[in-house]
Structures are given as C-alpha cells and as structure tokens.
Amino acid sequence: MLSRRGIGAEGAQDLVHELTGLGAEVTAAACDVADRAALAGVLAAVPAEHPVTAVVHAAGVLDDGTIGSLTPERLDTVLRPKADAAWHLHELTRDLDLTAFVVFSSVAGVFGGAGQGNYAAANTFLDALMAHRADEGLPGVSLAWGPWEGSGGMTGTVSEADMRRLARSGMPPLPAARGVELFDAVATGTRALMVPVQLDLPALRAARGEIPPLLRSLIRTTSRRSATATAAPRAADTLARRLTGLTDEERREVLLKLVRDQAAVVLGHTDGTAIGATRQFQELGFDSLTAVDFRNRLNAATGLRLPATLLFDHPTAADVVDHLHSQLVTEEVTGTGSVLAGLDQLEKAIAELTVDAQEFKHVAGRIEVLRTKWAALRREPADGTGEFDLDAASDDDVFALLDDELGLS
C-alpha cells in the first residue's frame, strides 16, 4: 500500500491491523506515486515470491474553483496525483502479468462539475488511459465514481450543505457499503469505463437547467426542454407583475425576500431568515462555487443576465437588492401586463380581507362587471344594429344587462 506518508497516513495503521487480522501480509510504504523514480524503486523492491498482480490507483486531490481562478499551479495540484501517477503506474507495470488495473476516476469527468474544470480534466485522462490500455490488450477499468457518504478522505472538505446540494441535483452520495459492492462487481470487468453513481431521477427532473445529455435516455426530455425554455421568462414575468403597482419600499421587500430565499437554498438553510440583509455573503459561507449557483438562480428568477462576480461586486443581500432594483424597476408595465399586475394586487388584497354579506355582494358584482367587459374584447365590433356599447355604458347599465341575460329582471 503506497501513500506519500506510508504507515503515518491517517487510518493506515488501523487498515494494516484489519488486513493482517484477515490473514494478509501487508507492507505500507511511503512513496509519491507521481514521482516516477520513487515509484520505480518501490516496485523493484517487491519480493519475487509476492509479485505485483493487480494495481488499484485511488489517489486524488481537490482544488475547486471557477475557470478564471485556475492557475497553472492549481491545475498541477489536481493533475499530478491523478494523471502523472496513473501514467507512471501504466508504464512501470505494463510488462507485468497483471490481472487487474483499476483507477478511481470521477463522475465530474463524465458529466462535468461546477468549479471542477481541473478535476474533470484529470479524471478524463484516467478514462482515456484505460481505453488506451484496452487497445493494447492490457487489463484496465476506470471507475467514474459519484460522491460517497462519509467525512474522511476527499469528502473531508465537503460540507453538509454541499451534500444536500448534491442530493438536490439528483446525485445523492453513495453509502460506503454500496460503493464496495459496486467495486467488486466491475473491477475485473471488460469495459474500460464504468460509472458507479447513484441517481435520483425525480430530483433530476425537478432540478434547474438542462438535463445532462448522457441522462436524457432515462428521462423524458421533450416536455422538459420546453419547460426549461419557458420557465425563466415565466418566472421573470411573474416577478415583473408583482413589482408593478407597488411602492418602492414594497418592491425592495419583494426583492429582498427573493434574494434571501435563493441564498438559503444554496447554503442549505430551511428558509431565508438566517440570511441577514447587511451581512457579508462571505461571512455567511459563500465561496466562488456557491456564488455562481446563487447567481444562476437569480438569473432564472429575474430573467436578467447577472455577472458571475455578482456577490463580489455586491457583497450583501441589501447590495444585491439595490442592483436588482436598478435593473428591474425601469418603467411601468403597460397593456395586458399592467392588467395582470393589477390582478396580482387584487388577489393579494382579497386574500387579506374579511367581509360581510353586503360587502361580498357589492365586490362580486363589480368583479362580474369587469369580467363581462373583458369578455367583450373578443366580440365582433358593433355593426350599427344597436349592439350594447360597453364602453359608453355605466355600471348600472351593465348590471341591468347581466340581470337580463341571467333572467333576473
């Protein structure tokens, strides 16, 4: 067993004791597998009576960040233990009579992952290397794992909120026992690439954005693509109507609730009450990845094209509200948009009322008058034969017409 710290690595001693108890003879050696010379030295020291017959490469390092922040150093941090180490193992063992050569890849290289451009590239190299070995008639399988449950190893830096976000995205973490079962099932198979991942199809259907192309055969996509194409404009229209007719203070309250609710979803809170209007987003736990997720959600809700630097340019919820207000509240909605906005206001007012029978009758009559006037817009124009003129009629005239049509007069 190789790692950079050997027996001093976290959990190494416990693992050695467990394997020894099962009857195995174990050597835990300190070796940076990405160092070709060091790896060659370790392999040369393997006793002839116990030759290497299988290789399992499970190393990996995360250094997530948006594309603009991926320096050469950050690329090297992730690529070195993945790509370099796997290539050295391939070259230095290709002449051995191996029965298995297994590398731990990631679903990030198959589907992509927000902020994981470097990690996706490193794992895609592993997938390609196993295909190369297959072409040469050598054993090899790349296991493009989805996330695992647990708090150790590479998941040690993944927060509870991150895990909840993964579950919402339709890819909940694998229980460790299930992961081991999947390893046993495919490690010595004939396919160069396997994707052991747990999918939550209902969550994928409900998730925002396009379904990954590789999953479209599992999920009906015709209505999904249509809904995706119209969902953002519909949400933006609804928001615009809600803002129309409100006072400036009320508009800001609506926008603040939107900002706080979306921030709460991204951070894994149950509601927006934990998002203080004047607290810095960085203090609340936002990083470059969650900032992009938050921006995308606001884009969908507002119909705007907000920059990826939104939270850095506007570091509090109140600042974001000011920015959204300046973008959204430009001019009054006219035409049918103004009618719908008025109806939204009317609906809100009705929901807050308690009325007696007389008030109910009076309001119901006015609503019926409005309904009749609206329906009249779809009638043919008057032809001079004395058709009822709704524009010139008073409310009493319209009530008389309704009574006549309903047989009440």
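No donor-acceptor distance shorter than 3.5 angstrom exists from the side chain of R297 to the backbone of Q262, with no hydrogens or angles considered. A donor-acceptor pair is defined here as one N or O able to donate and one able to accept, closer than 3.5 Å; no such pair exists between the side chain of H269 and the backbone of A274. Under a 3.5 Å cut-off, the side chain of T124 and the backbone N or O of A120 do form a donor-acceptor pair. Of the possible donor and acceptor atoms, one in the side chain of S3 sits under 3.5 Å from a partner among the backbone N and O of G6. Between the side chain of S105 and the backbone N or O of D127, no donor-acceptor pair lies under 3.5 Å. A distance-only check finds a donor-acceptor pair linking the side chain of K82 to the backbone of F104 [under 3.5 Å]. At least one donor-acceptor pair under 3.5 Å links the side chain of R74 to the backbone N or O of D64. A side-chain donor-acceptor contact under 3.5 Å links N299 to the backbone of L306. Not a single donor-acceptor pair under 3.5 Å links the side chain of Q327 to the backbone N or O of L324.
Contact annotation: the side chain of Q198 never approaches that of P173 to less than 4.5 Å [non-hydrogen atoms, C-beta and beyond]. Side-chain atoms of D35 and D84, non-hydrogen and from C-beta on, never get closer than 4.5 Å to each other. Contact of the H323 side chain with the D319 side chain is not registered, since no non-hydrogen atoms from C-beta on lie closer than 4.5 Å. Side chains of D97 and T53 form no contact here, defined as non-hydrogen atoms less than 4.5 Å apart. Side-chain contact between M171 and P147 is present, with at least one heavy-atom pair separated by less than 4.5 Å. Side chains of R191 and V186 form no contact here, defined as non-hydrogen atoms less than 4.5 Å apart.
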Stepwise, does the salt bridge (charged side-chain N to carboxylate O under 4.0 Å, His left out) test hold for E181 with R178? CA-CA 5 Å; E181 290 175 359; R178 180 60 175 156; 3.1 Å; yes

R94 and E136: salt bridge (charged side-chain N to carboxylate O under 4.0 Å, His left out), yes or no, with the steps? CA-CA 10 Å; R94 65 185 305 157; E136 293 191 336; 2.7 Å; yes

Chi angles and distances behind the side-chain hydrogen bond (donor to acceptor under 3.5 Å, both in side chains) call for H325, R251: CA-CA 8 Å; H325 186 275; R251 286 168 174 165; 5.0 Å; no

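With sequence neighbours excluded, the residues forming a side chain to side chain donor-acceptor pair (under 3.5 Å) with T309 are D313, listed by chain and number.
Using bins of under 30°, 30° to 60° and over 60° for the plane-to-plane angle, the ring pair H90/F101 lands in the perpendicular bin.
Sorted by first and then second residue, the salt bridge (Lys or Arg N to Asp or Glu O under 4.0 Å) pairs involving residues 257-280 (not counting sequence neighbours) are K257-D261, R279-E283.
For the atom pair N123 CG and L129 CG, the distance stands at 12.0 Å (nearest 0.5 Å). For the atom pair CE (M1) and CG (L15), the distance works out to 4.5 Å, reported to the nearest 0.5 Å.
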